[in-house]
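Each chain gets a letter, A, B and so on, in the order its sequence line appears, and its residues count up from 1. Keep in mind that the numbers below use all heavy atoms, side chains included, and drop hydrogens, waters and symmetry copies. These numbers were taken from a predicted model, which means no experiment stands behind them.
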Amino acid sequence: MLSQPATPAPPPFLEIRNLRKSFGGVQALKDVSLTLEAGQIYHLMGENGCGKSTLIKIVSGAQLASAGQILIDGMPTGTLAGDLGAIGALKAGIETVYQDLSLLPNLSVAENVALTGQLVAAGGRLARRLQRAALFDTAAQALKQVHLPGDMAFLTRRTDSLPLASRQLVAIARAIAARARLVIMDEPTTALTRQEVENLLLVVRRLLDQGVTVLFVTHKLDEVKSLGGEAIIMRDGEIVAHRPVATTSKAAISQLMTGREISEARYRTGSVTGAPLLEVSGLSQPRAFHDLSLSLAAGEILGVTGLLDSGRNELALALAGVRPAASGRIELDGQTIWPKTPGEAIAAGIGYVPEDRLTEGLFLEKPIRENVTLPVLDRLKNTFGMISPRRARALAEAQIAGLQVVAPDVGAPVQSLSGGNQQRVLIGRWLTINPRLLILHGPTVGVDVGSKDTIFRIIQRLAGEGMAVLIISDDLPELLQNCDRILVMRQGAIAASYDAASTDEDRLYQTMASGSAAAPAREVTA
Amino acid sequence: MRNLDRQTVFLALINIIVLLTGGWIAGANFLDSYNLQIMASQVPELGLLALGVALAMISGNGGIDLSGIALANLSGITAFLIASQLIAPAAAPMAFSWSFAAIALCVGLTGGLLNGFMIAFTGLTPLIATLGTQLLFTGIAVWLTNGSSVSLGYIPPLDDFGNLPVLGVPLCFALFVIIAGALGYLLRCTPFGVRLMLLGSNEKAARYGGVPVRRMIVLTYTICGLLASVAGVVIAARAGSVKWDYGSSYVLIAILIAVLGGVKPEGGYGRILCVLLAATALQILSSLFNFLGISNFFRDLAWGVLLLALLASARVNLSLWLRPMR
Amino acid sequence: MTETSLPIPLFTRLRALTGRRPELFTLGLILLTVLGVAIANPNFLAMNNVFDILRASVVRGIFAMGVLVVLAAGGIDVSFTAIAAFVMYALTMLVHNVFPAMPLWVILPLAGLGGAAFGVVNGLLIHSLRAPSLIVTIGTQYIIRSALLTFVGTALFMNLPASMEAFGKASLWTWTGESGVISSLPATVLVLVGAAFATWFLLERTLMGRAIFASGGNPDIAARLGFNLLHIRLFVFGWAGLLAGIAGIVHVASNRLANPFDLAGMELEIIAAVVLGGARITGGSGTVTGTLLGVLLITLVSNVLVFVGIPSTLQLAIIGIFILLAGTIFALRSRS
Amino acid sequence: QDKQSITTVVKITGEGWFVRMDEGVKAFDAARENIDAVQVGPAQADAAQQARIIEDLVAKGVSAIAVVPMDPSALEGVLRRAQSRGIKVIAHEGDSIVNADVDIEAFDNAAFGRKINEGLAGCMGGEGKWTSFVGSLGSLTHVIWADAGAESAAANHPGMELVAAKNESFNDANKAYEKAKEILRAYPDIKGFQGSSAIDVIGIGRAVEEAGLIGKVCVYGLGLPKDTGPYLESGAVNQIYFWDPKDAGFVMNVVAEKVLNGEEIADGADLGVPGYTAVKVSKGPGNGIIIQGQAWVEVGKDGYKDYPF
Ligand SMILES: Nc1ncnc2c1ncn2[C@@H]1O[C@H](COP(=O)(O)OP(=O)(O)OP(=O)(O)O)[C@@H](O)[C@H]1O
Ligand SMILES: Nc1ncnc2c1ncn2[C@@H]1O[C@H](COP(=O)(O)OP(=O)(O)OP(=O)(O)O)[C@@H](O)[C@H]1O
Ligand SMILES: [Mg+2]
Ligand SMILES: [Mg+2]
């Protein structure tokens, strides 16, 4: 399309012609054409539900296209892309690191890294000897390239026992081991801390140096900028722009994606009005955090960040009653509370939006109505102990209207919604209990800029209404844009507290990542 | 929503079609009120057990209850052994019957609690847990009776409960319908039911959403136990005797009915009305086969085919054929 | 958090070991049981007992190998006993009526083939109906068993072909006790050894084995990684059927009669044995050694009660309690 | 006039014993123009399934039901309802049933038990340890045979010592085999076995054969000629006792016909079937009567081939 060379040259590595895909009535892809050259990096960007994942799934053979063609080195792979099949795509050198990493949890690291290679060599036929020695060799070499240990102890570990960042690298090592020519990564950095992201970007650059083509899907514009290459921007199942990253500003990309302007400015406009609402003192949990103290006022937005093992997640879970702390004291509005289950936290007026909305938050095949009304079912009872359908519907409708959820009906299953709308349904659930304290854990993970904008506005509105909001996140811009204060956690303790208006990403990041020896840059006491 | 209704209608249609076909090929006897009553009074034993299985399946996490019939028999046996010590059946049949039922329910409650605790607190998969308790309950029943059947003798109130029609409806069937109705109400209309469905659909999300998971599981399996003990009372009333291996073929049939009734074995979805309709459909079909003198082996074959056909029907997209040709 | 370098307590180390190798735990239970029974009745350790327990484990063991493979791939099969009954009965009749001189080395592969055919149909149904394998195999169990009884026959069949008769009587080693009672190690044990070795090789040394564990861990991911789920399912259920067919013939040969009503209701007990051998019922794990130990454990528990002097009326309850206790310890251990 | 219909309900369809009984029922059906006689039975050995079949027959409105009960007490309720709807009930092997018009026993059960034990005692020379097997403790007739055998031994042969009495085989040859092995292990000096279920002797015979004890241990009991044949040939089973289920099936229908026609069956009556030519009639536990024949057969290695079942 746009970057087609004018002179007859060797055919492009991968060419997609007029690809279409529809699910029932939904046109996920409408006539997508695209050319990828060897050794280049491409960023596939667009709002939630614009069709990025669908495009990737078709190229990697996981789904069948409705119409269209895919050519590799100028050779058609069949009239329909799906003819490639998973094994066909792998054979053609296309490796995909899916959003969920696609690691086999119960198999060892070595098997996860090197099994695909043997499977492809066997042409997908399973009646073959397992080459055990080769398996370990290949895996060890590939792991070396992503800076993971290649010793027997690590090679034989089950992958579900690894930390997330290592799993991400194992997935990339798999692509290396398979000698992929095209590596597709679907939002690989959503769950990584900045250090880990840096590490990953390094690996990506090395892949490019080796002549591998990379197709990168992300919602984080900073990463795009840092990697360079070409931006492919999708909207509503179509490619609306294809331009070099270097010459396109972040604002321009946002606008292309959403069709409207998104400000980069701080959302936080209000100020803390209320008295201290949450007082945590001396909170400890072995192997997670120790002697934490913090306070949060009504109407205040407090951010908490830190590396993955800093104890921030455990703090969130402890306050939400999912995994109670071992010792310490939590006071909410002058009352001492000690939530041992989520139910008790809810009763105390704490709402918790978990990190992973798909597995921890939502009931995907259930209607929006039930997803929203879960915490207040008892309140919807009429005199016969029966949930009043009218009241349930009214409540759910009020919530999704207030949060601008785009949905046909509150009876529609949540899985029919896009990521940003799903997240808003989840927030809506907690608003039904009018929480005194709302804990948002990674509120915009995997959410596009447009939806982010909406969610941030909602958060500000809630704070304005006097709710105390605790945002736990590793998305530093998000914290800077929304919070009054930001606590940085490190090795289970609060390393520093910053005034969000007067600090920046670098300083936060240095505090997070500096060793325990280095003193925090500047302590601000609230 | 429309999907749900389609299934109910489908099952109701099966009931009607089998009934009418029966009247047509097996003669008018098949549709006379006596046979309808007989069929109705045969439904509760299996129907109650199937409701228990359905409930366990809905709760998710591989939920299933294999111990139902074992617990039903144990309830009947224990209730008879204790009640006949307390009250002479011949002297005070009414008092005996009520205490029999009460003791049976207590046993069912205890057994259900045991199942619930095993599953909720030890992390044992329901399949293995209820297999273990199935053997345990059966074993206790064997031990209590030395393996022989225990005859209750003719106790009019119990016998009436098992067989007497009131206004044309056998009492035990009426009880079954009332229980099913209550259960359906519980599942569809109360916070407990909505939470159970959500729990079955995504346990982790339910826990994060404040659902007391363990309490729910214990409660669910306790209800299963109670249902089993009611089945035990019905069996005792209808057979006039109790034995440890009565209904040994019921374990799989109860699962069959639940699945035919559209309960999702992965959890999170199921409708009591459909289970009820599946139970009656199976009953009518099996009575029809008996009327026609068709071999019982063949009936089992038909049930297997029916199950697979129903699973297949969920896979077939009717709109594919209904769409007009281009 | 930094890990302290304190010496790790023995208990923790043991737990870590049994976490990696759950079959060690099963072995421990077996040793405990044997020890307990031997203390109660020292006669228990006599050679003929060992033979008898081995003999009683053969059919269970062959079945369990098939169940292990199905469980590892994330499925459950309850139709294998029906398959075994069908194959053993139909094949014995066929051989007797048509080829009475057929040698064993033809009969056993034929049985395997017949069983595998049923199994492949199971796999096909499970794949195409996209329904839980427990439910589908309940359906096929009904169909297979009632087809056998409706169309093939119902009567006990005593006139075994000569080769099967000889196979059932053959012994590897004979031992004469002081009272003149002879006990022998049956040749059928060899079939179990063969089945176990083949299953081990399959699971640990072939791509199919890895594919089975992969699909048991997470089928969607396995499919994305290029593993053909249809092939895996066809193979897994085919394998279970194949072993079931062979187990059926072994059952007939050692029982010296073919009864179409036999083997019914054994399926859950065998699944329990495999689970007690360390395989998770949710799939993705399990070993051949563990499974063999699990089978041994179940056989042991159901055979020793007389020796300890427990009345036969209490046997079922004891086995139930045993499954609950062992299962609970297993579940608690794998959770921590 | 409507044809009369008599349905025979057996414990389980398809087992050799009841297949043979079906021959009798079919023969009766062929012999009577105006009567429809068929045999049905459940697919599983489950009392519940048997009760359901009878209920459906009651609803269908057959003239008479002849039943071989799986568990007599589990059928009382449904049989009472059958009788209250005017259906005649004939039972076989269920002399404890209250709600039956007639119960037919092939013989006096206690005498049958004694007879088996006499044979066993003769083989054992009246000396040594012996044990008995029953299908299940719930099978009334099995228990009567075993108990009568035990009484007879105790009374007539003080040298015989009964050990581990009434082992349950659950009507499964393999279970009988394993039980027998256990007994052989626990009592190495055992001399005799008395079986009750038709497959008991098959399992016991196999255990005896494998232990190399043919000729040293005596095996006597109920058995079917064709099934037990190989063990009779090898000598692992010495003698089997049975009654012909074909005759039993026929005679049940004959009695049903008589009851339907309102005929009295008096003591010493001749039912026209071998073994039932001079039946003994006594009062049953309910309002019905018990008819007893002398229909037992006893064969060893030489005679079993005369019986094709
Ligand atoms: N299996 C499916 N069935 C029905 N609709 C689907 C299916 N998969 C995707 N869609 C729809 O297709 C459209 C494109 O989805 P896709 O997952 O490709 O979006 P995306 O750009 O990857 O979004 P995100 O940024 O949230 O990951 C959406 O409207 C989605 O609802
Ligand atoms: N070629 C190899 N190179 C390096 N290490 C290996 C190699 N083959 C096996 N190993 C490792 O050596 C250890 C023992 O290997 P072994 O072949 O006994 O496998 P196992 O899984 O322990 O046994 P089994 O397959 O019988 O269950 C394991 O930790 C295994 O991962
Ligand atoms: Mg996506
Ligand atoms: Mg006739």
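With a 4.5 Å cut-off on side-chain heavy atoms, V70(C) and F80(C) do not count as touching.
There is no contact between L74(B) and chain C, counting heavy-atom distances below 4.5 Å. Residue L134(C) touches chain B through its side chain alone, counting heavy-atom pairs closer than 4.5 Å. Both the backbone and the side chain of L135(B) come within contact range of chain C, each with at least one heavy atom under 4.5 Å from a heavy atom of that chain. Interface remark: I144(C) contributes no atoms to any contact with chain B (heavy atom separation under 4.5 Å). Of the two parts of L124(B), the backbone and the side chain both hold a non-hydrogen atom closer than 4.5 Å to a non-hydrogen atom of chain C. Both the backbone and the side chain of L268(C) come within contact range of chain B, each with at least one heavy atom under 4.5 Å from a heavy atom of that chain. Interface remark: F151(C) contributes side-chain atoms only to the contact with chain B (heavy atom separation under 4.5 Å). The part of V259(B) that comes within reach of chain C is its side chain, from C-beta onward, which places non-hydrogen atoms under 4.5 angstrom from that chain. For a residue to count as touching a neighbouring chain, one of its non-hydrogen atoms must lie under 4.5 Å from one of that chain's; by this rule L306(B) does not touch chain C. At a 4.5 Å heavy-atom cutoff, the contact between E266(B) and chain C is made by side-chain atoms alone. Using a 4.5 Å cut-off between heavy atoms, L131(B) touches chain C through its side chain atoms alone.
Atom CD1 of I298(C) sits about 10.0 Å away from atom CD1 of I30(C), to the nearest 0.5 Å. Residue I281(C) holds its CD1 atom at 4.5 Å from CD1 of I76(C), rounded to the nearest 0.5 Å. The CG atom of L292(C) sits 11.0 Å away from atom OG1 of T26(C), with the distance rounded to the nearest 0.5 Å. L129(C) contributes atom CG, which lies 8.5 Å from atom CG of L124(C) (distance to the nearest 0.5 angstrom). Going from atom CD of Q134(B) over to atom CG of L136(B) covers 10.5 Å, rounded to the nearest 0.5 Å. One distance of note links CG of L277(B) with CZ of F10(B); it measures 12.0 Å at 0.5 Å rounding.
Between chain B and the residues I323(C), L125(C), L324(C), L276(C), the most heavy-atom pairs under 4.5 angstrom are made by L324(C). Ranked by heavy-atom pairs under 4.5 Å with chain C, the list T145(B), L66(B), N146(B), T138(B) is led by N146(B). With chain B as the partner, the residue from V275(C), I271(C), I135(C) showing the most heavy-atom pairs under 4.5 Å is I135(C). When each of G139(C), G320(C), S146(C) is scored by its heavy-atom pairs under 4.5 Å with chain B, the top score falls to S146(C).
Ring pair Y250(B)/Y246(B) is perpendicular by interplanar angle, where above 60° counts as perpendicular and below 30° as parallel.
Using modelled atom types, one finds no donor on one side chain facing an acceptor on the other under 3.5 Å when comparing N122(C) with T137(C).
Looking at S67(B), its side chain never comes within 3.5 Å of a backbone N or O of A70(B) through a donor-acceptor pair.
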